[in-house]
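Numbered from 1 within each chain, the chains take letters A, B, ... in sequence-line order. Keep in mind the model is a prediction, meaning the values are calculated, not measured.
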Amino acid sequence: MEFFTVSGLRSLKNDTDVRLSGWIQDVRVTKNLVFLIFRDYTGLAQLTVKRDGWAGIDVTSISRESAVSVQGKYLVKGMSKLGVEILLSGISVLNAAGTPLPLAISDPVISDVETRLDHRSLDLRKREVSRIFRAKSTLLWGIRKFLRENGFEEVQTPKIVAASTEGGADLFNVKYFEKEAYLSQSPQLYKEMLVSSGINRVFEVGPAFRAEKHNTVRHINEFTSIDIEMAFSDHEDAMRMLEGSVSGAIDEVMNEMGDELREIGLKIPSAKAPFPRITYREALDYLHKKGDAPPFGEDFTPEQLRSLGEKFDGFYFITKWPSALRPFYTMPDPEDPSVTNSFDLQFQEKEITSGAQRVHDPEMLLERFKSKGLDSKDFSFYLESFMYGMPPHAGWAIGLERLCMIILNLSNIREATLFPRDRNRLVP
RNA sequence: GCCCCGAUAGUGUAGCGGCCUAUCAUACGGGCCUGUCGAGCCCGUGACAUGGGUUCAAAUCCCGUUCGGGGCGCCA
């Protein structure tokens, strides 16, 4: 007898003997019949038990969410509204679930996000929740595929580091034997060093840690950063790779899960390259006309970004940011040194990526350290790679959870994170 | 870090000075009915975040703490 999944049953002939493993979601008892609602990772099926025809265990005593292995005959013309019905011939409870459940799984009540995160492994049994992570995995796969096709090599760099990337953001301290160390906030310095080493195009998918005490629906303290860096390239090249990555991710999700996402009424944003672009100065002008703009050199407020987001429905770039708003390694625009060869990818009011052409000239880099008030001595390991023929280069970093949240239209980044780490949450 | 709001059974909520030995739904336990399908009906178990204070009387008002929601700031 073969093992099947629920979704694999539909092509079978009537009365085929099947075995499945999964969970009992619900038990409904009638006079002569018991119906068990069975669930595996692929869907739901109704297991029908004839009371007098089968002397198995008392199925009415099985608690909801118990793990089971079942066998029976697949009924092509099942009467269940679930669409899949199996006439049960055997069941073994592999592990009974305790009662009551700490979380509503198939009940009409909707638990709070906090409650769900406290009991995340149970929460993930819900299809609408696990679907998020299938989509996230698929998005990432689409990006990996695109980057590989474009000559990028995947790398791993250390997450325990000695220096801050730019001395700005708060870092988590760790004890490193006798020394003081930090959790990496970004692989920025390392991916640039790799570019100098002749690995032409690199990307990394890894955790980034930020010790900022923010408490918003779009920030977490540990997130997945997808970083690229490419040699002999400028910000325009990097932006093309970003457009390709985002549309590659969306294409992959639509191919793999399009039907399912349409079924639940989710409209996935389209990502047709090239994305619209607006410079920082143009954005300022636009906002001036709207009556609320920041002075040159300051970042947009959420309100102002919302206003820009109304102008561009979907993905768009804000380019040429002022130097003051960008880290030391960002290349100034040779034609207008008050701004930089930099860009943010936005989706409406939400920022998902920032990137730029980087400084490759060591003299300029030293100047930039100075103007940002950083001590170049802290970065000597990094500076060395600029001394022996560092190629011009560019790159970006995209937050995977942010991207997932935006594409699936989630209201809280924690929903796109299996086990989020935020200001207060360290468990589970 | 700041401002506003909130925390009541396993889950989600109503109540907002004495009508509270606290409402309802759902879950859980028991019973009845029944090819059920958000099954139905009846019964039962089960809760006022925490520490102070005000008051004859506090779930309810005040202050602190913790946690949460919304906004802002901070933020590659």
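- Across B:C74 and B:C28, the matching P atoms stand 49 Å from one another, rounded to whole Å.
- Across all strands shown, B:G40 forms a Watson-Crick or G-U wobble pair with B:C32, both key distances being under 3.5 Å.
- B:C32 and B:G68 have their P atoms separated by 47 Å, with the value rounded to a whole Å.
- Annotation: of the two residues near RNA chain B, A:T48 and A:I110, the 5′-most nearest-nucleotide partner is A:I110.
- Rounded to whole Å, the separation between the C1' atoms of B:A39 and B:U21 comes to 34 Å.
- Among B:C74, B:G12, B:C37, the nucleotide with an atom closest to any side-chain atom of A:D112 is B:G12.
- Checked against B:G38, B:G68, B:C75, the side chain of A:R210 finds its nearest nucleotide in B:C75.
- Between the P atom of B:U36 and the CG atom of A:L47 lies a distance of 17 Å, rounded to the nearest Å.
- Both distances falling under 3.5 Å, in either a Watson-Crick or a G-U wobble arrangement, occur for no nucleotide opposite B:A59.
- Here, B:A22 and B:U34 have their C1' atoms 35 Å apart, quoted to the whole Å.
- A sub-4.0 Å separation between OP1 or OP2 of B:C67 and a side-chain N or O of A:R423 is absent.
- Ranking B:G35, B:A39, B:G68 by closeness to the A:Q46 side chain, first place goes to B:G35.
- At a threshold of 4.0 Å, the pair A:E65-A:R39 counts as salt-bridged, since one of the basic side-chain nitrogens sits closer than that to a carboxylate oxygen.
- Of all nucleotides listed (B:U26, B:G12, B:C74), B:U26 comes nearest to the side chain of A:D107.
- At a threshold of 4.0 angstrom between heavy atoms, the contacts of A:E65 with the nucleic acid are absent.
- The same atom, C1', is picked in B:A7 and in B:G15; the two are 15 Å apart, to the nearest Å.
- Nucleic acid contact for A:P108: base, since at least one base atom lies under 4.0 Å from a heavy atom of the residue.
- Projected onto RNA chain B by closest heavy-atom contact, A:E351 and A:S80 fall at different nucleotides, the more 5' of which corresponds to A:S80.
- Within the 3.5 Å criterion, the main-chain N or O of A:M364 finds a donor-acceptor partner in the side chain of A:D361.
- Look at the P atom in both B:G52 and B:A58: the space between them is 14 Å, to the nearest Å.
- At least one side-chain nitrogen or oxygen of A:T115 sits closer than 4.0 Å to the OP1 or OP2 atom of B:G12.
- Contact annotation for A:T30: base contact, defined as any heavy-atom pair under 4.0 Å involving a base atom.
- Partner assigned to B:A7 is B:U66, using Watson-Crick or G-U wobble distances below 3.5 angstrom.
- Separating the CZ atom in A:R144 from the CZ atom in A:F152 is a distance of 14.0 Å, to the nearest 0.5 Å.
- Distances from the side chain of A:T216 to the nucleotides B:U11, B:G73, B:G35 place B:G73 closest.
- Within 4.0 Å (heavy atoms only), A:R64 reaches sugar-phosphate atoms of the nucleic acid but no base atom.
- Of the nucleotides present, none pairs with B:G46 by Watson-Crick or G-U wobble criteria with both distances under 3.5 Å.
- In this structure, A:S66 contributes its side chain and A:I62 its backbone to no donor-acceptor pair below 3.5 Å.
- For A:R306 and B:C72, the shortest distance from a side-chain N or O to OP1 or OP2 is below 4.0 Å.
- A donor-acceptor contact under 3.5 Å is not formed by the side chain of A:E303 with the base of B:G71.
- Contacts of A:T301 with the nucleic acid, taken as non-hydrogen atoms under 4.0 Å apart, involve only primed sugar atoms and P, OP1 or OP2.
- Using a distance-only test at 3.5 Å, with no hydrogens or angles considered, a donor-acceptor pair links the side chain of A:Y280 to the main chain of A:G297.
- Just one of A:R127, A:R125, A:R120 meets the salt bridge (charged side-chain N to carboxylate O under 4.0 Å, His left out) condition when paired with A:D123; it is A:R120.
- In this entry B:C72 has B:G1 as its Watson-Crick or G-U wobble partner, both defining distances falling under 3.5 Å.
- Side-chain polar atoms of A:K320 and A:N341 form a donor-acceptor pair below 3.5 angstrom.
- Heavy atoms of A:V113 sit nowhere under 4.0 angstrom from any nucleic acid atom.
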